[in-house]
*Asks:* 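Structure below; questions to follow.
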Amino acid sequence: MIMPETKKIAVIAGDGIGPEVVAEAIKVLKRTEELFGYRFEFEHGLFGGIAIDEKGTPLPEDTLRMCQAADAVLLGAVGGPKWDNNPKELRPETGLLGIRKALGLYANLRPAVVFDCLIGASTLKPEVLRGTDLIVVRELTGGIYFGEKYRRDTENGQIAVDTCVYSVPEIERIVRRAFEIARQRRKKLASVDKANVLETSRLWRETVNRIAPEYPDVELEHVLVDNAAMQLLRRPASFDVIVTENMFGDILSDEAAMLTGSIGMLSSASLGDGNRGLYEPVHGSAPDIAGKGIANPVATILSAALMLRLSFGYHDAADAVERAVREVLDAGHRTADIAEAGDKTVGTTEMGDLIAAAMRN
Ligand code: IPM
Ligand code: MN
């Protein structure tokens, strides 16, 4: 057998439950080395609040260089009450936005799949949820997150300004990515905007309409964001791919997470033009449960599966991870966040062990 090249994975576990869930994803990646003969080299770097404490900045130079030199980045979570009142440059979230921008990761993919065996874990009715399998494609390096921001004193007191900016090329590349993804799936694309009010949304919609004829096999609908928030709860199973700008995608992907029962189930991939990607759970650092060994590692493990598939093209290993997750959940194993009354729960490391053990070549 030809030895596959060693893939460099930069690990930035971050704060709160980040290190706990990342450890389980690494466990699963190591299991794919044993089962499939792949080779990974893990390099660890400081990031987020812990980096502020130790290096005085949420995204130290050497961490960024390590990520730039890697084939993929595995991220846990950042933030916590300790840094919540810090100025902008000393906030963990600023590091997260900084690394997305620095690595050019403009396409954020957030799949939300309702597992039949977890259908009771959601707050919504099973008959509404059944069959839900959608993906939010969120623009990640533009919009109001990155536009000019300032405060100014006026005669009416202080004002604060956040600017939302989108250029045509920025919209084109994310929309094309979404059409391509839809083509690989059920060929339905919902573009979400607020074109009845916002100029950036009108440019967004025009651009989508101009590109759409290149993808005649994909069925396109435009949905206003307020209506999309409602339709996601009313008819989640009818969505396939949802493409939207940065802040709308942030909000709608949290909403989509709750369809699956727990945000602890939602994985994500952030991609640029090449193969390098950053993989992280959609959930945050959950400081309230950090260090207790009860966090759900499934979102991070499924993010590692996305890494195997999208950055490395190791579809066999990605399938093995996804199948193992399904099998372990089908067998009734639950972390606290997805447990129903009466379920016996497992902890973070036990869940990781069960998934690693269930993997097959
Ligand atoms: C996310 C998070 C981040 C975002 C925060 C932590 C900056 O909510 O990844 O969805 O808003 O993008
Ligand atoms: Mn968010």
Side-chain angles (χ1 to χ4, degrees), residues 12-18 21-22 25 47-52 57-59 64 67 73-112 134-147 149 162-166 170 174 192 225 228-229 232 242-260 262-272 277-288 290 295-296 299-300 302-303 306-307 337:
I12 46 178
D15 310 314
I17 60 170
V21 293
V22 159
F47 182 60
I50 184 171
I52 294 171
T57 168
L59 177 55
L64 179 58
C67 294
V73 181
L74 179 64
L75 191 158
V78 295
K82 183 173 177 193
W83 307 282
D84 270 352
N85 297 315
N86 282 9
K88 184 173 157 224
E89 318 72 56
L90 292 179
R91 289 187 64 99
E93 293 83 358
T94 304
L96 187 56
L97 300 183
I99 197 166
R100 289 170 177 170
K101 192 76 169 179
L103 297 180
L105 307 172
Y106 61 83
N108 182 220
L109 279 41
R110 297 186 162 183
L134 61 86
I135 179 166
V136 177
V137 178
R138 168 186 174 195
E139 200 292 326
L140 202 59
T141 52
I144 200 163
Y145 273 61
F146 291 93
K149 304 173 185 301
D162 291 288
T163 326
C164 184
V165 186
Y166 270 108
E170 275 178 320
I174 189 72
V192 171
V225 63
L232 259 179
I242 295 173
V243 66
T244 191
E245 64 97 54
N246 204 344
M247 188 162 72
F248 297 161
D250 178 46
I251 297 167
L252 292 181
S253 61
D254 266 36
E255 188 184 359
M258 277 321 287
L259 303 170
T260 71
S262 168
I263 198 163
M265 299 293 297
L266 235 74
S267 58
S268 84
S270 303
L271 305 170
L278 179 150
Y279 300 84
E280 59 173 318
V282 171
H283 63 70
S285 60
D288 52 324
N296 185 351
T300 317
L302 289 174
S303 301
L306 287 175
M307 175 190 294
D337 57 313

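Values in this document were obtained by computation on a predicted structure and should not be read as measured data. Ligands are counted one by one from 1 in listed order, and the atoms in each one are counted from 1 as well.
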*Asks:* Tell me, do L109 and L306 make a side-chain contact under 4.5 Å, heavy atoms counted?
*Replies:* no
*Asks:* Report the part of M247 in contact with ligand 1, treating N, CA, C, O as backbone and CB onward as side chain, heavy atoms under 4.0 Å; options are side chain, backbone, both, neither.
*Replies:* neither
*Asks:* Who's closest to atom 10 (O) of ligand 1 heavy-atom-wise, of N246, V78, D250?
*Replies:* D250
*Asks:* Taking 4.0 angstrom as the limit and counting only heavy atoms of E93, give me the atoms of ligand 1 inside it, by number and element.
*Replies:* 6 (C), 7 (C)
*Asks:* Provide, to 0.1 Å, the distance between atom 1 (C) of ligand 1 and the closest protein heavy atom, together with that atom's residue and name.
*Replies:* R110 NH2, 3.4 Å
*Asks:* L259 versus L134: any side-chain heavy-atom pair under 4.5 Å?
*Replies:* yes
*Asks:* Tell me, do E139 and T244 make a side-chain contact under 4.5 Å, heavy atoms counted?
*Replies:* no
*Asks:* Are the side chains of L59 and F47 in contact, using a 4.5 Å heavy-atom criterion?
*Replies:* yes
*Asks:* Would you mind reporting whether S303 and E280 have side-chain heavy atoms less than 4.5 Å apart?
*Replies:* no
*Asks:* Report the part of R91 in contact with ligand 1, treating N, CA, C, O as backbone and CB onward as side chain, heavy atoms under 4.0 Å; options are side chain, backbone, both, neither.
*Replies:* neither
*Asks:* Which protein heavy atom lies closest to atom 9 (O) of ligand 1, and at what distance to 0.1 Å?
*Replies:* R100 NH2, 2.7 Å
*Asks:* Please classify the H283 to ligand 1 contact at 4.0 Å (heavy-atom distances, strictly less than): side chain, backbone, both or neither.
*Replies:* neither
*Asks:* Between the Mn ion (ligand 2) and D250, is there an N, O or S atom separated by less than 2.8 Å?
*Replies:* yes
*Asks:* Are the side chain of T94 and the backbone of K88 linked by a donor-acceptor contact shorter than 3.5 Å?
*Replies:* yes
*Asks:* Measuring only between side-chain heavy atoms, which start at C-beta, is D84 closer than 4.5 Å to R91?
*Replies:* yes
*Asks:* Note the single closest protein heavy atom to atom 4 (C) of ligand 1, along with its residue, its atom name and the distance in Å.
*Replies:* Y145 OH, 3.5 Å
